[in-house]
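Down below is the structure, laid out as structure tokens.
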Amino acid sequence: MEKNESRHMFIASDFRTRLLGDVQERLKSRDISYVKICVVRRVRDLQDGDYCVPKGCIPKITNKVLDEICAELKESNRNSYLKISRATTSQHFGITFYLERPLTLKSTLVPYWQRSILQTSFGDVGKGTHVLVTERHSKKDGALENLRSSVILEHITCLLKEAGYDVETVRCFQPSSDLLDISVPSIEWTDQMCVDCKKLVIDQVTSNKYCTQMHHVPCKQAKLDSCSTSVESSEMDRKTGQHQTKVVLSLQQFVQDKGLPVGKDGFDKNLKFSELSYGEVISDTMKEAYLLHTAVANKLQKDRTGVVVHVTPDTEYFSQQRVTLTTRVIWPGDPFHRQVYLVHGSVKSRRQTKSQVQSAADFVQLRFSQMKSAALMKYGEEVNGPGWQATITALTSAGIKFEMLSTVSRSAVKLDLSEGDDGNDNRTGSFVMYNCARLTTLFKHFEEAVSQGQYPPLPNIEDVDFSLLREEDEWTLFFLYVFPYPDLIRETVEELVPKSASISTKIHTHKVCNLLINFSHSLSSYYSRTHILGENRPHLLPLMYARLYFLKIVLKVLSHALSLLGIEPMSQL
């Protein structure tokens, strides 16, 4: 077991990779093409197999040859710490593989219990690389998109820290918000920064080849556009009619000179100029660029090859690109930090109804009221006092995080904001929390029974016979959620920095949330149908011990996944 312990969290992905290699080797030895071969993990009807090679992937070969290959694959797998019990052919699948369930359960559950779930499989991804996560808000104060930005930032911060990255967070130019107790350090604009920026702009005119100073004759009819992307639109002050100067950077020329990507996976093709100042007024773009430069210098000074991840609404994506390119033009001598973007969609109302929700704070209050109403209907007048207040607040926060994270980040989130609604959208988070509380209560009852002499205490996990877990529901819970969990979490941040020149990070912020939802539904069905604490009879105790340990590990996985969403599981509801 010692040899495999350091790799036990890679079992799912390693085993499938090795199995694919074995299949390819058998085909190659027979001079059969194997280019399109793949091994797929099944997600339903597991009684009919755990892995398969789809029929369409296998060249047209006889059933006799397929049967020979199946026999050889089973034989070659005998020395593995995961074994194939059967390999068969069928009408719908070229080859179907059945895992040896008792060995698979034992080889996975024991290390899960004895060590940190992701200690060896996930924590080495980042290898201490410094990451600065910045959050950009919508211009509309208190917008729901801003709440989604904060929730996503908290989630990816937890993910990256768990992956072994050294993570810092910052919000530039916008005050921090404590909605849902998500607090992000902010860098705010000061008078001294204004003085420094004015001097910096003057220096850029003489020292930066991409910087241009534009002088224009006063014109009373000129239209001032501080966000202009054209040099020709630079004009005088409309109020005074005085001669004004606009200082701009040619971002388009910079992108061309550096060979930076443009288009779908790169910078917007309409990013032509960046305005630094207009007369004595420093532009917002220059201010944000200065603050970003300050944040990077303060947070990533320990690592010259760090990563900056910008979390931004899609409505602000263009502006954020302009800010980051401006920093690269003005401070070319800074240490290189790869800057990538995690762009998320808007937050909309699902139904066209009159609603009092005008801001993120209104939305949080609405969900709190709906959660409290649901608690009153279930528990009556007991719902009062600071304890219940804290419980309902925690459930509301969890529910909102699930609402914001269960959708792919690039897509819009659609919410029901009806005042009279009972908060169905908000029930998913509380359902997951309820299942955690259910398991915690089960273990509490068991410990109380042990203290009263009704049961012997749990034996050491290495002495537990997991082959007694023969219910198909138990294997489904294990194979679909517990077994592949480290691989799924690893996949969420495996492409923090794209290998190509793309500027978009591929952090899949919906995966953990959706895993928890599906896991909880399957767990609830199993728990409702299965009697865990049986009678104290010698022949019944081994099965009870196996199920208790199995559910303790299930709770460990659920709790870990919740922690990645910034949610602490509740012990009772």
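As the structure is a computational prediction, the values presented were derived from the model and not from experiment.
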task = Quick one: do Arg438 and Leu523 satisfy side chain to side chain contact (heavy atoms under 4.5 Å, CB included)? Show the steps, please.
result = CA-CA 10 Å; Arg438 242 175 145 181; Leu523 173 62; over 6 Å; no
key: Verdict with reasoning, Leu405 to Val512, per side chain to side chain contact (heavy atoms under 4.5 Å, CB included)   = CA-CA 9 Å; Leu405 292 172; Val512 175; over 6 Å; no
message = Run the side chain to side chain contact (heavy atoms under 4.5 Å, CB included) test on Leu109 and Phe466 for me, step by step, so that the C-alpha distance in whole Å, both residues' side-chain angles and the decisive distance to 0.1 Å come before the verdict.
response = CA-CA 9 Å; Leu109 296 179; Phe466 287 108; 3.7 Å; yes
request  = Could you walk me through whether Asn518 and Leu480 pass the side chain to side chain contact (heavy atoms under 4.5 Å, CB included) test, one step at a time?
outcome  = CA-CA 10 Å; Asn518 296 328; Leu480 296 187; over 6 Å; no
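A distance of 11.5 Å separates OG in Ser13 from CG in Leu488, rounded to the nearest 0.5 Å. To the nearest 0.5 Å, atoms CG (Asn270) and CD (Gln252) are separated by 9.0 Å. Here the OH atom belonging to Tyr485 is positioned 15.0 Å from the OG1 atom belonging to Thr108, to the nearest 0.5 angstrom. Note: Ile95 CD1 to Leu66 CG = 5.5 Å, rounded to the nearest 0.5 Å. Atom OG of Ser520 sits about 11.5 Å away from atom OH of Tyr434, to the nearest 0.5 Å. Atoms CZ and CD1, from Phe402 and Ile517 in turn, are 6.0 Å apart once rounded to the nearest 0.5 Å.
The side-chain heavy atoms of Ile182 and Leu147, taken from C-beta on, include no pair separated by under 4.5 Å. A 4.5 Å side-chain heavy-atom check between Met404 and His155 finds every atom pair outside the cut-off. The shortest side-chain heavy-atom distance between Arg148 and Thr407 falls under the 4.5 Å cut-off. The side-chain heavy atoms of Ser504 and Asp265, taken from C-beta on, include no pair separated by under 4.5 Å. Contact check for Glu474 versus Phe478: no side-chain heavy atoms found under the 4.5 Å cut-off. Looking at heavy atoms from C-beta onward, Phe483 lies out of side-chain contact with Tyr112 at the 4.5 angstrom threshold. Side-chain contact between Thr96 and Asp48 is absent, with no heavy atoms from C-beta onward closer than 4.5 Å. For the pair Pro456 and Tyr545, the minimum side-chain heavy-atom distance is below 4.5 Å.
Considering every non-hydrogen atom in both Ile37 and Cys57, the closest pair reads CD1-O, 3.2 Å. When all heavy atoms of Pro569 and Met433 are compared, the pair lying nearest together is CA-SD, 4.2 Å. Across all their heavy atoms, Phe97 and Ala87 have their closest contact at CD2-CB, 3.9 Å. The minimum heavy-atom distance between Leu251 and Ser274, with the atom names listed, is CD1-CB, 3.6 Å. Summarising the geometry of Val39 relative to Arg16, their closest heavy-atom pair is O-CD, 3.3 Å, with the distance given to 0.1 Å. Considering every non-hydrogen atom in both His344 and Ser149, the closest pair reads NE2-OG, 2.6 Å.
By the 4.0 Å N-to-carboxylate-O rule, Arg30 lies close enough to Glu68 to be salt-bridged with it. Between Arg101 and Glu472 there is a salt bridge, since at least one side-chain N of the basic residue sits less than 4.0 Å from a carboxylate O of the acidic one.
For the 3.5 Å distance criterion, the side chains of Thr428 and Glu403 fail to qualify, holding no donor opposite an acceptor. Under the 3.5 Å distance criterion, with hydrogens and angles disregarded, no donor-acceptor pair is assigned to the side chains of Asn435 and Tyr527. Between the side chains of Thr157 and Thr169, no donor-acceptor pair of N or O atoms lies under 3.5 Å. For the residue pair His508/Glu491, the side-chain donor-acceptor check at 3.5 Å is not satisfied.
Checking side-chain atoms of Ser29 against main-chain N and O of Arg26 turns up a donor-acceptor pair under 3.5 Å. Between the side chain of Ser559 and the backbone N or O of Lys556 there is no donor-acceptor pair closer than 3.5 Å. No donor-acceptor pair under 3.5 Å is formed between the side chain of Lys552 and the backbone N or O of Leu439. Side-chain atoms of His293 never come within 3.5 Å of backbone atoms of Ala295 as a donor-acceptor pair (strictly under, hydrogens ignored).
Only one option out of Val340, Thr134, Leu132 pairs with His310 in a side chain to side chain contact (heavy atoms under 4.5 Å, CB included); it is Thr134. Screening Glu135, Glu145, Lys401 for a side chain to side chain donor-acceptor pair (under 3.5 Å) involving Ser150 leaves a single residue, Glu135. Paired with Tyr481 under the rule ring pair (Phe, Tyr, Trp, His ring centres under 6.0 Å), one option of Phe519, Tyr526, Trp475, Phe550 passes, and it is Phe519.
Within 6.0 Å of atom NZ in Lys161, 12 or fewer heavy atoms from other residues, nucleotides or ligands are found, so the atom counts as exposed in its surroundings. The number of heavy atoms from other shown groups lying within 6.0 Å of NZ (Lys55) is above 12. Within 6.0 Å of CD in Glu568 there are 12 or fewer heavy atoms belonging to other residues, nucleotides or ligands. Environment of NZ in Lys511: crowded, with over 12 heavy atoms of neighbouring residues, nucleotides or ligands closer than 6.0 Å.
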